[in-house]
Amino acid sequence: KAGVTQTPRYLIKTRGQQVTLSCSPISGHRSVSWYQQTPGQGLQFLFEYFSETQRNKGNFPGRFSGRQFSNSRSEMNVSTLELGDSALYLCASSPYGQGSQYFGPGTRLTVT
Amino acid sequence: DQQVKQNSPSLSVQEGRISILNCDYTNSMFDYFLWYKKYPAEGPTFLISISSIKDKNEDGRFTVFLNKSAKHLSLHIVPSQPGDSAVYFCAASATSGTYKYIFGTGTRLKVLA
């Protein structure tokens with residue numbers, strides 16, 4: 001079974017721009033969660049989608065948004081990028097959201 | 001407010017000895033805990049989990065202990081191997097509530113050959 005894939009793996013953007021990251025979960029997994037990882041902060045939960053609905057949301061500003069498609073693939077969008085948005089963005093999938101999650105390799109976003 | 005804390009940013013252990021990684025939490029609603037291992041340039045990989053109805057769970061060289069009264073869990077790796085060198089994250093969730101995982105900041109384990 002193929003693992004969680006994320007595209008692109010690396011991205012460089014300028015302040016003020018917007019960006020869209022993509023995540024394809026493991027086949028059959030309906031829950032996709034997104035995390036931001038920065039040095040010293042660990043993994044910060046962004047949001048979780050299940051069956052195309054946002055089920056949970058972390059404490060991030062409205063510039064961070066996401067969606068999930070009928071095939072469970074998910075996208076995350078960040079608008080009006082700030083320097084502090086530079087981070088590794090990880091998505092994780094699981095069958096229903098409980099139990100262990102399977103992470104993708106992440107997208108390294110650099111905002112200059 | 002860091003609800004899940006890993007107070008040791010790094011740990012060095014000799015090969016063959018025991019590695020003990022610690023994690024503290026503040027939210028008494030947490031009832032499911034997981035440990036992940038992360039190598040550079042890869043996503044975290046699931047290691048072991050424990051539900052609050054247990055106080056110990058074992059899987060090969062990895063054992064997780066949960067002390068609910070102290071709101072503390074620990075991961076024991078015995079014997080430690082150089083391939084165990086990675087960053088370890090603990091995570092917690094309240095399964096009765098939202099399906100949302102709160103992660104600690106990680107502990108970098110270095111196993112010395």
Side-chain angles (χ1 to χ4, degrees), chain A residues 2-10 21 23-26 29-51 53-60 66 68 74 87-108, chain B residues 1-10 21-25 27 29-54 57 59 62 64 75 86-108:
Chain A
V4 178
T5 58
Q6 291 187 246
T7 56
R9 291 293 310 276
Y10 302 92
L21 312 181
C23 172
S24 293
I26 290 172
H29 286 192
R30 294 164 63 188
S31 168
V32 174
S33 297
W34 287 89
Y35 295 86
Q36 180 195 66
Q37 185 187 6
T38 53
Q41 291 293 316
L43 279 72
Q44 305 275 308
F45 174 79
L46 280 154
F47 28 65
E48 185 234 356
Y49 285 86
F50 182 79
S51 292
T53 301
Q54 186 182 90
R55 194 162 59 172
N56 296 289
K57 193 175 188 307
N59 299 323
F60 277 79
Q68 187 180 34
S74 177
L88 180 67
Y89 290 89
L90 293 157
C91 86
S93 76
S94 69
Y96 300 104
Q98 254 181 304
S100 58
Q101 297 178 306
Y102 297 83
F103 281 82
T107 294
R108 172 75 61 187
Chain B
D1 174 30
Q2 194 72 28
Q3 296 185 66
V4 177
K5 298 178 186 178
Q6 293 177 258
N7 292 318
S8 299
S10 63
L21 297 100
N22 294 303
C23 181
D24 296 295
Y25 60 97
N27 190 337
M29 297 299 293
F30 289 150
D31 58 6
Y32 190 72
F33 306 88
L34 309 93
W35 283 94
Y36 284 85
K37 178 169 74 173
K38 186 180 187 298
Y39 293 119
E42 294 182 15
T45 53
F46 170 74
L47 265 179
I48 192 168
S49 63
I50 188 166
S51 161
S52 61
I53 61 173
K54 292 185 170 183
N57 190 25
D59 184 1
F62 302 91
V64 57
L75 175 69
V87 178
Y88 290 78
F89 292 96
C90 67
S93 77
T95 55
S96 57
T98 58
Y99 298 99
K100 177 177 164 179
Y101 291 89
I102 307 299
F103 279 76
T105 52
T107 296
R108 183 176 300 279

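Hydrogens, waters and symmetry mates play no part in the numbers below; they use all other heavy atoms, side chains included. In what follows, chains are A, B, ... by sequence order, proteins preceding strands, each numbered from 1.
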- [ ] Look at the aromatic rings of H29(A) and Y102(A) and report parallel, tilted or perpendicular, splitting at 30° and 60°.
- [x]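 Ring orientation of H29(A) relative to Y102(A): tilted.
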Open item on the list: Between A41(B), P44(B), G43(B), who has the most heavy-atom pairs with chain A when the cutoff is under 4.5 Å?
Closed with: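 Most heavy-atom pairs within the cutoff with chain A belong to P44(B).
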Check each atom of [X] against the heavy atoms of chain B and say whether the ones under 4.5 Å are side chain, backbone, both or neither.
{"X": "R9(A)", "answer": "side chain"}
{"X": "L43(A)", "answer": "both"}
{"X": "Q37(A)", "answer": "side chain"}

- [ ] Verify the neighbour count for atom OH of Y25(B): are there more than 12 heavy atoms of other residues, nucleotides or ligands below 6.0 Å?
- [x]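 More than 12 within 6.0 Å, yes.
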Open item on the list: For F50(A), is there any backbone N or O sitting under 3.5 Å from a side-chain donor or acceptor partner on S31(A)?
Closed with: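 A pair under 3.5 Å: no.
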Open item on the list: So, taking the atom named OH in Y35(A) and the one named CD in E48(A), what distance separates them when rounded to the nearest 0.5 Å?
Closed with: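 Y35(A) atom OH to E48(A) atom CD measures 8.0 Å (nearest 0.5 Å).
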